[in-house]
Amino acid sequence: MADDFGPRVLDALGADQPWEVPEDWLAGVRDRLRAWGDDPGTLRPVAFPEFVDGTPAAVWFTHQIAPLLTGWIPVLHGEYADISAVLTRDFYRSPVRYGGAGHLIRVADADWPLQLVSGARGFREDARRQALQLSRDVVSLFVDAPPMATRARALTSAFDRVLWDRELTRMHTAADYETIAQFWRTAVLSDDERLALPELAGTASALYYSLSTLRDTHAKLVTEVPDDEAGDFAQLLARMILATGLHGLPPAVGQILGGAGWDVVNALADLKAGFDAHTWLAANTVWLARAVRRDQQGLARSWAAAATRVSVHLADVLAGAPWPELQVPDLNAFLRDPRPVSSTPNPPAPVREAEPEQQPPVEPVPEPVVEVEPEPAQAAEIRAEPVMLAVPEPVDYTDNPMAELDALIGLDSIKDAVRRMVAEVKTNLRRKELGLPSHERARHMVFVGKPGTAKTTIARLLSRVYKQLGVLEKGHVVEVDRSDLVGSSVGTTAPLTAAKFREALGGVLFVDEAYTLVPENSPGDFGLEAVATILKLMEDHRDECIVIVAGYHREMQRFMESNTGLASRFPKLLSFSEYDTNQLVAIFELQARLNGMIYSGDVLDALRAVIPPAPRAHNFGNGRFIRNVLEEAISNQATRLSAYDPDSLTERDLRELLPQDIKPPTSMRAEDYLFQKPGT
């Protein structure tokens, strides 16, 4: 069942396919959580950070375990990636929400199902028994949720076995916690339950399971989708070790592998000299995308889930040091199906009517290995040339900003938030028409996200939407940063800030990198005066201007804490996720078509190889990076074609991009350089 804005998906990497979460299932879980909230006798040990006062322990436990029931190192994607916050929204008050683009990776402790039991260890026996019963009841909420069902059923059965046995129940209400935890590690689970919940037996058991599943899955994937660079399991593990920052085989891994560990040691010796983690990860991304196109999506997802688990184990052996970023393939590259092979054909090279001596030397390109010879008709389809589409005319969205919003790639959670804001305005306007009291809230907003994630684009769209609704008189946007607001001497900052604010009256004042107004460890900085001036003018012109402050997540949190008046004046926070790889490719395709270019599937594969794998650096440019890649590709195409007689070039030659044109951008526009500010 879908809500007003389409189906909401929870995509757990270890599952065979995404799950469109039914609204009735969500409603049922939320009703159960509210029932616990209304029960005066339910367990409420202490106040939980980011939860409303009086939140029941069962609600907090639901928030903790929901993602872990999809896997003990779950990788979650989709609009409901933050399933914990979705379920506990009546109690959970975190300022940041996740979902849409990007993915979340969580790591479970070996005793994660016992968090309520552990938290109640100092309570009376009746409260400890209630904690045990609540643990079982919360887990049972997920036995009908496909991504969680297998683990939830196994865990529910284990809790039931404890609750049905008087002596075991007595142990959980009277024994010390280490005795309880040891019992769960060694005795409580059946063999089938241990297969579903391998981490509960301890780290060694989880590591054995992770290595075994990665070895088996890698062998199957290499068989189904041969790749010269994939190598055998020993070479794969050696590359993962090097990518994680280690220099040798960890002893814990060696103990499990036994004699096979020497193969990994030898592979490490062979690979150390020329290994490049980025190149390897990019090649993995292309390989897995090819597996999806060959109907091996389930196998590709299983491989990536196993690789993620092993990566976490390898990072964990860096005792006493910070964990590195997880060195796994770009998970977003295949969490959604790429287009079928037949829709992105590999065209033959263009035929040029020129004398042999006038043509530059061409390196022979080997044909790809195909396991099954296609039928003639099928072969013709695969080798068909790109269709020479007309250059699309830009669509005029001047009078329809909401249609322009819908046409943007990605940004699902942001689109949802904008629609809700529009609905709120329309409802309040109707209330006024009927003489009813309206429920107006301040419309000032905080935008958080990395560069190139469309923060400025959404600000411009919002200004036009609010003008159409009559909320703003002009609907223009005045974009400013620190240099526009902060003067160089005493007495100059307030006039500068006030002038920009007056310029924005009737529209939106968009303050980019707002955190630079309050630099760290600079209590006398003039930027503080700019913030105070903006706050006063927001109060004096409450309904005449909307202020949007934007920047990186962490820095904006510090900015909001720098002045006690900021949080109350900015009630809305919109979190802009990074674009995933598929969305970046879609942006490239859209921009290429608007520039009149055509391309094959090989070009898109080459593009995937130059997009940095996730998680990406803090200053990765997202949409701006793709624009730079396209501009660089068009420049490379021009250089390639300059070797030919201009009169021999056809329309197709001038419009077609080839894989060799796609390279990492070696330069960027001046304004893009200025956007590369530090942050996270």
Side-chain angles (χ1 to χ4, degrees), residues 1-4 7-8 10 12 19-70 74 76 79-94 97-99 106 108 112-164 169 172-173 420:
M1 178 179 175
D3 62 17
D4 293 341
R8 300 309 180 106
L10 170 63
W19 181 42
E20 292 187 4
V21 183
E23 286 298 312
D24 55 353
W25 180 83
L26 281 178
V29 174
R30 288 170 178 157
D31 287 346
R32 187 69 184 92
L33 299 184
R34 282 192 289 268
W36 274 313
D38 294 337
D39 181 0
T42 197
L43 202 61
R44 306 174 198 268
V46 293
F48 299 109
E50 298 186 341
F51 287 82
V52 300
D53 291 342
T55 293
V59 173
W60 175 83
F61 188 55
T62 302
H63 188 277
Q64 300 305 303
I65 72 163
L68 302 181
L69 286 170
T70 68
L76 304 180
E79 293 83 2
Y80 282 166
D82 197 358
I83 186 65
S84 297
V86 172
L87 293 173
T88 62
R89 67 181 187 185
D90 295 331
F91 303 88
Y92 186 55
R93 293 293 181 266
S94 173
R97 292 287 187 271
Y98 301 91
R106 296 278 300 274
W112 63 269
L114 301 177
Q115 293 176 77
L116 281 189
V117 173
S118 173
R121 69 179 77 179
F123 291 15
R124 297 189 306 272
E125 285 193 12
D126 58 339
R128 293 181 66 175
R129 191 188 191 291
Q130 185 185 161
L132 179 63
Q133 182 67 53
L134 285 173
S135 300
R136 183 266 177 208
D137 291 344
V138 168
V139 172
S140 69
L141 296 175
F142 298 91
V143 295
D144 294 323
M148 298 96 149
T150 300
R151 287 166 60 86
R153 289 169 185 163
L155 196 51
T156 301
S157 295
F159 274 121
D160 282 340
R161 209 157 34 248
V162 171
L163 287 164
W164 291 342
T169 302
H172 281 72
T173 59
R420 292 179 186 276

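The two residues Ala58 and Leu134 come nearest to each other via the heavy atoms CB-CD2, 4.1 Å. For the residue pair Thr88 and Val59, the shortest heavy atom distance occurs at CG2-O, 3.8 Å. Closest heavy-atom contact between Ala66 and Leu87: CB-CD1, 4.3 Å. When every heavy atom of Thr42 is checked against every heavy atom of Pro56, the shortest pair comes out as CG2-CB, 3.9 Å.
Rounding to the nearest 0.5 Å gives a distance of 11.0 Å between CG of Asp38 and CG of Leu33. Put simply, CG on Asp82 and CZ on Arg89 are 13.5 Å apart, with the number rounded to the nearest 0.5 Å. Atom CG of residue Asp53 and atom OG1 of residue Thr55 lie 7.5 Å apart, to the nearest 0.5 angstrom. Taken from CG in Leu163 to NE2 in His172, the straight-line distance is 8.5 Å, to the nearest 0.5 Å. Residue Thr70 holds its OG1 atom at 11.5 Å from CH2 of Trp19, rounded to the nearest 0.5 Å. Rounding to the nearest 0.5 Å places CZ of Arg128 at 12.0 Å from CG of Leu43.
A 4.5 Å side-chain heavy-atom check between Trp25 and Phe142 finds at least one atom pair inside the cut-off. The side-chain heavy atoms of Ser135 and Phe159, taken from C-beta on, include a pair separated by under 4.5 Å. A 4.5 Å side-chain heavy-atom check between Val138 and Trp60 finds every atom pair outside the cut-off. In this structure, the side chains of Thr62 and Arg32 stay at 4.5 Å or more apart for every pair of heavy atoms.
Remark: Phe61 pairs with no residue by the ring pair (Phe, Tyr, Trp, His ring centres under 6.0 Å) rule, at least two apart or across chains. Residues satisfying the side-chain hydrogen bond (donor to acceptor under 3.5 Å, both in side chains) test with Gln133, not counting sequence neighbours, are Asp137. For Trp36, there are no ring pair (Phe, Tyr, Trp, His ring centres under 6.0 Å) partners two or more places apart in sequence or in a different chain. For Arg34, the side-chain hydrogen bond (donor to acceptor under 3.5 Å, both in side chains) criterion is met by Asp31, Asp90, not counting sequence neighbours. Residues satisfying the salt bridge (charged side-chain N to carboxylate O under 4.0 Å, His left out) test with Arg136, not counting sequence neighbours, are Asp160.
When atom types are taken as modelled, the side chain of Arg151 and the backbone of Leu68 share a donor-acceptor pair closer than 3.5 angstrom. A distance-only check finds no donor-acceptor pair linking the side chain of Gln64 to the backbone of Gln115 [under 3.5 Å].
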Kindly indicate, with the supporting measurements, whether the criterion side chain to side chain contact (heavy atoms under 4.5 Å, CB included) is fulfilled by Leu69 and Arg153.
CA-CA 10 Å; Leu69 286 170; Arg153 289 169 185 163; over 6 Å; no
Does the side chain to side chain contact (heavy atoms under 4.5 Å, CB included) test come out yes or no for Thr173 and Leu132, once each step is laid out?
CA-CA 8 Å; Thr173 59; Leu132 179 63; 5.6 Å; no
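Separation of the His63 and Phe91 ring centroids does not fall under the 6.0 Å cut-off.
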Identify every side-chain donor-acceptor pair in residues 116-123 under 3.5 Å, counting partners at least two apart or on other chains, and give the distances.
unit_1 : atom_1 : unit_2 : atom_2 : d
Ser118 : OG     : Arg121 : NH2    : 2.5
Arg121 : NE     : Ser118 : O      : 3.0

